[in-house]
Colleague: 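The structure's right below; bear with me while I get my questions together.
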Amino acid sequence: MIEPIGNQYIVARPVYSANAFGEEHKKKQRHHKTFLDHLKVCCSCSTQKAKRIALSLFPIASWLPAYRIKEWLLSDIVSGISTGLVAVLQGLAFALLVTIPPSYGLYAAFFPVIIYFFLGTSKHISVGPFPVLSMMVGAVVVRLTPSESTAALELSNSSMSNDSSADEYKVMVAATVTILSGIIQLLMGVLQIGFVVIYLSESLISGFTTAAAVHVLVSQLKFMLQLNVPAHTDPFSIFKVLNSIFTQIEKTNIADLVTSLIILLIVFVVKEINQRYKAKLPVPIPIELIMTVIATGVSYGFDFKNRFEVAVVGEMKRGFQSPSAPDMQIFQETIGDSFGIAIVGFVVAFSVASVYSLKYDYPIDGNQELIALGLSNIFSGSFKGFAASTALSRSGVQESTGGKTQIAGLLSAIIVLIVIVSIGFLLEPLQKSVLAALALGNLKGMLMQFTEIRRLWQKDKYDCLIWIMTFIFAIVLGLGLGLAASVAFQLLTIVFRTQFPKCSTLANVGRSNVYKNKKDYSDMYEPEGVKIFRCPSPIYFANIHFFKQKLIDAVGFNPLRILRKRNKALKKIRKLQKKGLLQVTPKGIICTNDGFKDSDEELDNNQIEGLDQPINTTDLPFEIDWNADLPLNTMVPKISLHSLILDFSAVSFLDISSMRGLKTLLQEFIRINVDVYIVGSDDDFIEKLVQCEFFDDEVKDSIFFLTIHDAVLHILMKKDYSASKFNSSQEKQPKFDFTINTNGGLRNRECRVPVETKF
């Protein structure tokens, strides 16, 4: 019963052990579904289930009939046009990261949007090229493309006898990797394993994208400076690229450098204005579009290509490429890279989609997102596009310009389509250095994540360490190996956190039923002879020894050593008893022959296993007080601890190895007359112990209590402290109903006799 009194409350209930609670409150019989039960549900079929599956596979069937034409159409049109213009420029720019002709970036900006329109669950993200994915695909393209020296040796029998054929092979590699990553995403969605995203934490993603931004920055330097830099994909490749750039820095094309720096400066300034005054601006200033138009006009009007020998976009073929089948040989060589691309693409898209779903309060389905992205990449790769996810800046444009649904995405795809089939030739004079500068202009947000380090260090040092190591791995090892090493390191930190948990000793706060770390508060009260120890993590094979050591440090002694010393002393006492040299006095047990000497060496040579057994004094005519002085100066450490409470409320599981270690530890305490109690354990936890035959004549299932305070009150009554002055009534009534006041006082609810609890 709970009686509220103002901002306080009075709780009146019995002191519950787990067994007593189970006897008074019977658990309901529940049927736990087996694998066959789940299989039957999955294989069952009904009209409602078929409709639900159809709607989940084609989310457009849910939201399109409810589309508000009058309210949303104009906003979606404005948003679609703005997003489409940005998508065109980003497609061209990010194609440079893939090391393929810029025109192929338009395919990557078109096909994924069409597929996602029908299958995606987010209303606001803009699907298409993403710089990190483009960089990862580009690394694979560079690795699989023959070097210039190899190509020169094979000119006579190779299909790549000129730049055009080399570009075609690069496009084939990028398309094949994209198709394979799409197949992986599709399979993950069909198999409902979208949960893998949980293994990539926010700190890992932040560190990885920041490192990818650095890679993008370095990779674009050769376009901004127009240098012939050989590609590298092995570990330390970023340093090799920088070395190549600095060794030929004198060959820099000044026109490209000046143009790119001017573009970069203007883009950064205007983006800062857009961010600072976004509440006052009706739509963000489309600075990428403005600079592209100006740069293209200037380059064409002043003939930069011939006058300054700048690199330009070049021929923009009208229309679409015919679909092509992937190369199975490339499949075999890129399975690992494709898996990383599939995971990163999904994580980025799902993270951005989650932000908008929370902001506008609508659900998204991770598994359906995998299916949508997978099919988007399969179609895009089939038509010679490259891997797609979502760019943060492009999605921000779609949302900030008023986009309500994926109708805006469809309209943006129409803008890209117009460029592909009709006006793409207008971009042929555009310098590649301008595209590189525009690509770098979108990296400001990623590079600014360096500021996260200080915040993470203040909040959680492990998360900060994950960020730093992920950044280092991705920079040094490259994006593919770096991601794998980062995930492994992150999982290793989880092992470290659980392997070395922050165990603590608890005590009573303010004489209430609240128990906290005794180091954190001043008004702490610890029951005499009672130690309360809390473990805040699961106990398993890797941390059971750490748990034992922390518990030994908390109680101040090793129970196994105490047990062995007592058994040694017991053997000596038995020997004296047989010789009739012991006498029981009010002061204790004394030896009547001071000249008797015993050999410690003889005792030390006994089998050690015998010293670990329970202490049995039933054959002696007296009880031994191990905290009193023993005869012949027998040295046995004295301990004041009589009860140990283990708070396992945060222990979610035990494995077999730790179960054996825990049982051995409990037996050692019990054999030296220290009662052990476990509190806060879940019923499933106890059931598992029963199934594993954890309990025996020494370690009994009666050691479990619901709360720490239940165990403390049980100990106080059992040890006949001042809180249990009802010994006579206890013989008649095995259970008591105590009222626990907020000031710590205890009273019997029936007798109304105040009982002072001494701590």
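Keep in mind that the numbers below use all heavy atoms, side chains included, and drop hydrogens, waters and symmetry copies.
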Colleague: When you look at I703 and L666, which way does the side chain to side chain contact (heavy atoms under 4.5 Å, CB included) test go after all the steps?
Modeller: CA-CA 11 Å; I703 65 175; L666 298 186; 4.3 Å; yes
Colleague: With a 6.0 Å cut-off (strictly less than), is the heavy-atom count around CZ of F541, excluding the residue itself, greater than 12?
Modeller: no
Colleague: Taking all non-hydrogen atoms of both residues into account, name the closest pair between A650 and R534 and its distance.
Modeller: CB-NH2, 3.8 Å
Colleague: Any donor-acceptor pair under 3.5 Å linking the side chain of N673 with the backbone of H642?
Modeller: no
Colleague: Looking at D710 and F704, would you say the former's side chain and the latter's main chain have a donor-acceptor pair under 3.5 Å?
Modeller: no
Colleague: Regarding K700 and D675, does a basic nitrogen lie under 4.0 Å from an acidic carboxylate oxygen?
Modeller: no
Colleague: Under a 3.5 Å distance rule, please check whether Q490 uses its side chain to pair with a backbone N or O of S201 as donor and acceptor.
Modeller: yes
Colleague: Considering residues, nucleotides and ligands other than E687, do more than 12 of their heavy atoms fall under 6.0 Å from its CD?
Modeller: yes
Colleague: With distance as the sole test, does S357 use its side chain to make a donor-acceptor pair with the main-chain N or O of S354 at under 3.5 Å?
Modeller: yes
Colleague: Counting only heavy atoms not in K502, do more than 12 fall under 6.0 Å of its NZ?
Modeller: no
Colleague: Does R564 offer a backbone N or O that forms a donor-acceptor pair with the side chain of N567 under 3.5 Å?
Modeller: no
Colleague: Answer yes if the side chains of S657 and D655 hold a donor-acceptor pair under 3.5 Å, and no otherwise.
Modeller: no
Colleague: Using the side-chain contact (heavy atoms from CB on, under 4.5 Å) definition, which of the options V699, L551, L563 pairs with F669?
Modeller: L551
Colleague: Okay, side chain of K663, backbone of F694: is any donor-acceptor separation there less than 3.5 Å?
Modeller: yes
Colleague: State whether D682 and K688 are salt-bridged, where the test is any N-O pair (Lys NZ or Arg NE/NH1/NH2 against Asp/Glu carboxylate O) under 4.0 Å.
Modeller: no
Colleague: If I take atom CG from residue L506 and atom CZ from residue F533, how far apart are they, to the nearest 0.5 angstrom?
Modeller: 9.0 Å
Colleague: NE2/H709 to CG/L716 distance, rounded to the nearest 0.5 angstrom?
Modeller: 8.5 Å
Colleague: So do T505 and E526 actually touch side chain to side chain, heavy atoms under 4.5 Å?
Modeller: yes
Colleague: Examine distances only and state if a side-chain atom of Q192 and a backbone atom of G189 form a donor-acceptor pair shorter than 3.5 Å.
Modeller: yes
Colleague: Please check if the number of heavy atoms outside R497 that lie under 6.0 Å from its CZ is greater than 12.
Modeller: yes
Colleague: Nearest 0.5 Å, what's the SG-CD1 distance between C535 and I678?
Modeller: 11.0 Å
Colleague: When you measure from the side chain of D463 to the backbone N and O of S203, does any donor-acceptor pair fall under 3.5 Å?
Modeller: no
Colleague: Can you list the steps and then say if I656 with C692 is a side chain to side chain contact (heavy atoms under 4.5 Å, CB included)?
Modeller: CA-CA 8 Å; I656 299 299; C692 296; 4.0 Å; yes
Colleague: Check whether S658 reaches the backbone of I539 with its side chain - one donor and one acceptor, N or O, closer than 3.5 Å.
Modeller: yes
Colleague: Does the Lys NZ or Arg CZ of K123 fall within the cation-pi geometry relative to Y360 - under 6.0 Å from the ring centre and within 45° of the axis?
Modeller: no
Colleague: Do V712 and I645 touch side chain to side chain, with heavy atoms closer than 4.5 Å?
Modeller: yes
